[in-house]
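Predicted model, so just to flag it, every value in this text is computed and none were measured.
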Amino acid sequence: MKGGKSVISEENKRLCIWLKRQRQEKGHTMRSLSELLGTPHSFIGKVENQERRLDVVEFIRYCQALEVDPAEGLRQALN
């Protein structure tokens with residue numbers, strides 16, 4: 001299996017949609033969220049466009065920056 005294929009799973013797609021919706025509902029731009037995370041804003045774009053996966057620690061930090069429950073994101077991804 002090619003490395004890129006796993007990024008485009010249905011579960012990852014649902015998770016990315018949820019993360020983007022949470023960012024928008026919290027009133028963050030990609031740039032403002034990237035500043036909270038200490039990452040380039042392109043990082044946020046790559047996550048939301050499913051060009052990059054988050055590891056577990058990154059996912060938790062992402063959720064903490066958005067002040068959302070990581071468990072809710074996992075539920076969204078798995079349903």
Does some side-chain heavy atom of [Y] sit less than 4.5 Å from a side-chain heavy atom of [X]?
{"X": "Leu36", "Y": "His28", "value": "yes"}
{"X": "Glu48", "Y": "Met30", "value": "yes"}
{"X": "Pro70", "Y": "Phe59", "value": "yes"}
{"X": "Gln22", "Y": "Gln76", "value": "no"}
{"X": "Leu15", "Y": "Leu54", "value": "no"}
{"X": "Arg53", "Y": "Ser9", "value": "yes"}
{"X": "Glu25", "Y": "Val68", "value": "no"}

Can you tell me how far the [atom1] atom of [X] sits from the [atom2] atom of [Y], to the nearest 0.5 Å?
{"X": "Ile44", "Y": "Arg52", "atom1": "CD1", "atom2": "CZ", "value": "9.5 Å"}
{"X": "Leu33", "Y": "Tyr62", "atom1": "CG", "atom2": "OH", "value": "5.0 Å"}
{"X": "Asp69", "Y": "Gln64", "atom1": "CG", "atom2": "CD", "value": "10.5 Å"}

Is it the case that the side chain of [X] and the backbone of [Y] share a donor-acceptor pair, with hydrogens and angles ignored and the cut-off at 3.5 Å?
{"X": "Asn49", "Y": "Glu51", "value": "no"}
{"X": "Arg31", "Y": "His41", "value": "no"}
{"X": "Arg14", "Y": "Asn79", "value": "yes"}

Apply the test salt bridge (Lys or Arg N to Asp or Glu O under 4.0 Å) to residues Arg61 and Glu58: give CA-CA distance (whole Å), side-chain angles for both, the deciding distance (0.1 Å), then the verdict. CA-CA 5 Å; Arg61 288 180 181 158; Glu58 289 172 326; over 6 Å; no
Over all heavy atoms of both residues, which pair between Leu66 and Lys26 is shortest? Give the atoms and the distance, please.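 Scanning both residues completely, I find the closest heavy atoms to be O-CE, 3.1 Å.
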